[in-house]
Amino acid sequence: MTSHRIRIPDGFWAGLYQLGITAQDVVRKAKMPLTVITESVVTTEEYFAIWQAYSDIIGDMEDGIIKLPTVFETAQYPPSILAAYHARDYRDALTRMARYKEMCPPENIRIVEEGVSCTIEVEWLDTDQTGPPLLVGTTLAFLLELGRRGTGLPLKASLVEFKHTMNQVQGIQDYFGCPIQIGAKCNRLTLHRGDLDRPFASYNAELLEILTPVLDQTLEEQRRSHSITEIVKWILKRSLTGERLEIQDVASELGMSERTLQRRLTDERTSFKQLLREARHEQAKEYLANPSLDIKEVAFLVGYKDQSSFYRAFRCWEGSTPLNWRTEYVSINSIN
């Protein structure tokens with residue numbers, strides 16, 4: 001599976017909270033560091049793990065699919081979805097969703113208008129497996145919810161197809177207002193094409209004039225090559241826990257040879273060892289800022305098998321022990 005960097009919107013955690021589920025519970029269930037909540041940037045595998053954890057906690061597939069899109073507050077939409085919500089009509093909104101979804105993989109939205117129908121298919125980019133069923137269902141539900149909120153009308157779909165199987169679909173069928181087909185060939189939402197012409201009561205031309213150029217520029221920049229230094233450090237931060245990560249591991253994940261990776265890092269005036277030190281240093285400070293983690297656990301999380309090695313390294317980085325650094329950090333932040 002190819003890993004993307006996926007940013008989780010703050011509204012996702014807020015929506016879970018409204019359902020009585022804390023972000024901490026989901027992250028722990030997914031067996032990931034709590035810093036994911038504040039960083040909100042994860043790999044494809046981690047993204048799927050978070051959704052699977054949410055699915056396991058909520059227990060009821062029907063509730064999981066229906067409730068999150070409806071409690072997700074409009075004010076907490078990320079800019080890309082905000083641009084869709086304030087579009088001219090439902091068609092414009094879906095077009096913007098499909099375009100800007102590229103900035104937040106791993107799923108892609110493919111829209112086809114034909115006859116009296118419009119089909120929206122959820123496809124997975126560069127992966128050898130599909131996402132958790134709850135993620136698929138929530139994505140399709142959100143696309144209909146977007147139309148309902150924008151038009152202010154109780155729009156209904158004409159058909160919803162899921163590749164996976166479900167024991168109960170009555171609640172989902174009631175939400176979409178149409179038949180549900182399980183075990184289908186694809187994950188797809190079929191809308192009445194005429195609904196796409198319905199104007200959005202939330203249309204805001206002035207806001208779109210501001211958002212659209214910024215989003216288009218961001219999309220264009222994202223399509224260009226990222227700094228290899230930035231990518232390697234990001235991979236390292238996600239892979240430190242209890243492992244001694246070697247350059248060949250990162251090169252393999254990036255689909256290049258060890259020699260090629262070394263050359264590209266040299267071109268950017270850095271080295272693998274330097275980036276590993278920086279990743280451990282930066283991640284250690286993030287973990288130490290969380291008082292619920294003891295220092296022995298922090299040492300393990302940044303890749304040190306014993307506490308004394310971590311102490312020596314941290315003293316070199318900060319000129320202070322981890323305990324003294326944490327005490328000073330807590331003191332400063334309590335004043336602020």
Side-chain angles (χ1 to χ4, degrees), residues 1 3-8 13 22-50 53 226-254 258 261-262 264-266 268-334:
M1 181 189 298
S3 282
H4 295 279
R5 290 183 296 173
I6 302 160
R7 179 168 293 281
I8 302 173
W13 304 118
T22 68
Q24 289 83 353
D25 286 345
V26 172
V27 172
R28 286 194 185 102
K29 182 78 173 177
K31 298 179 180 178
M32 291 165 60
L34 293 175
T35 48
V36 165
I37 300 168
T38 52
E39 288 178 1
S40 290
V41 179
V42 295
T43 64
T44 302
E45 293 88 343
E46 289 167 336
Y47 185 63
F48 286 171
I50 285 171
H226 288 277
S227 155
I228 195 68
T229 297
E230 175 193 359
I231 295 170
V232 168
K233 189 188 286 189
W234 182 79
I235 291 173
L236 287 170
K237 284 184 176 183
R238 288 287 171 216
S239 312
L240 290 174
T241 308
E243 297 291 337
R244 184 183 175 191
L245 200 64
E246 304 290 347
I247 187 171
Q248 56 263 33
D249 299 316
V250 176
S252 175
E253 184 168 343
L254 291 170
E258 181 180 337
L261 178 56
Q262 285 178 327
R264 291 190 61 181
L265 290 175
T266 301
E268 294 186 10
R269 299 183 181 181
T270 188
S271 68
F272 183 80
K273 287 184 178 179
Q274 174 65 25
L275 293 180
L276 182 56
R277 282 195 297 270
E278 290 177 10
R280 281 178 165 157
H281 182 192
E282 292 168 15
Q283 204 72 348
K285 289 195 292 183
E286 286 190 36
Y287 287 132
L288 287 170
N290 181 353
S292 68
L293 297 174
D294 63 41
I295 292 175
K296 186 176 181 180
E297 190 175 1
V298 172
F300 172 78
L301 289 171
V302 295
Y304 289 92
K305 292 183 178 179
D306 62 90
Q307 200 169 327
S308 58
S309 297
F310 174 58
Y311 264 78
R312 285 195 298 272
F314 196 86
R315 191 183 286 274
C316 288
W317 298 331
E318 293 290 326
S320 176
T321 66
L323 182 59
N324 288 341
W325 186 92
R326 171 178 273 175
T327 302
E328 186 176 347
Y329 175 88
V330 171
S331 176
I332 292 172
N333 281 273
S334 64

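Being a predicted model, the structure only gives us computed values, none of them experimental. In what follows, residues are counted from 1 in the order of the sequence shown.
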Any side-chain heavy-atom pair of R326 and L293 under 4.5 Å: yes
Value rounded to 0.5 Å, distance of CD1 in I247 from CD in Q262: 4.0 Å
M32 side chain near V42 side chain, heavy-atom distance below 4.5 Å: yes
Flag, side chain of T327 to backbone of L323, donor-acceptor distance under 3.5 Å: yes
E328 atom CD: more than 12 heavy-atom contacts under 6.0 Å: no
Validation row: V27, W13 side chains within 4.5 angstrom (heavy atoms): yes
Stepwise side-chain contact (heavy atoms from CB on, under 4.5 Å) test for W325 and K285: CA-CA 9 Å; W325 186 92; K285 289 195 292 183; 3.6 Å; yes
Min side-chain heavy-atom separation L261-E258 under 4.5 Å: no
From CH2 (W234) to OG1 (T229), nearest 0.5 Å: 15.5 Å
N/O donor-acceptor pair under 3.5 Å between Q274 side chain and S271 backbone: no
From S252 atom OG to E246 atom CD, the distance as rounded to the nearest 0.5 Å: 13.0 Å
Interatomic spacing from CD1 in I231 to CD1 in I235 - rounded to 0.5 Å: 7.0 Å
CD1-CD distance between I37 and Q24, expressed to the nearest 0.5 angstrom: 4.0 Å
Validation row: T35, N290 side chains within 4.5 angstrom (heavy atoms): no
F310: ring pair (Phe, Tyr, Trp, His ring centres under 6.0 Å) partners, not counting sequence neighbours: Y304, F314
Results of side chain to side chain contact (heavy atoms under 4.5 Å, CB included) for T266 - residues two or more places apart only: none
Closest contact, heavy atoms only, A279 versus K233: CB-CG, 4.1 Å
Stepwise side-chain contact (heavy atoms from CB on, under 4.5 Å) check, L288 with Y329: CA-CA 9 Å; L288 287 170; Y329 175 88; over 6 Å; no
A53 to A30 - nearest heavy-atom pair and separation: CB-N, 3.8 Å
Under 3.5 Å donor-acceptor, E268 side chain and I228 backbone: yes
4.5 Å side-chain heavy-atom contact, L240 and L301: no
Flag if over 12 foreign heavy atoms under 6.0 Å of NZ, K29: no
Close side-chain approach of V298 and Q283, heavy atoms under 4.5 Å: no
Flag side-chain contact, heavy atom, 4.5 Å: V36 against E46: no
Inter-residue atom distance W317.CH2 - E278.CD, 0.5 Å rounding: 11.0 Å
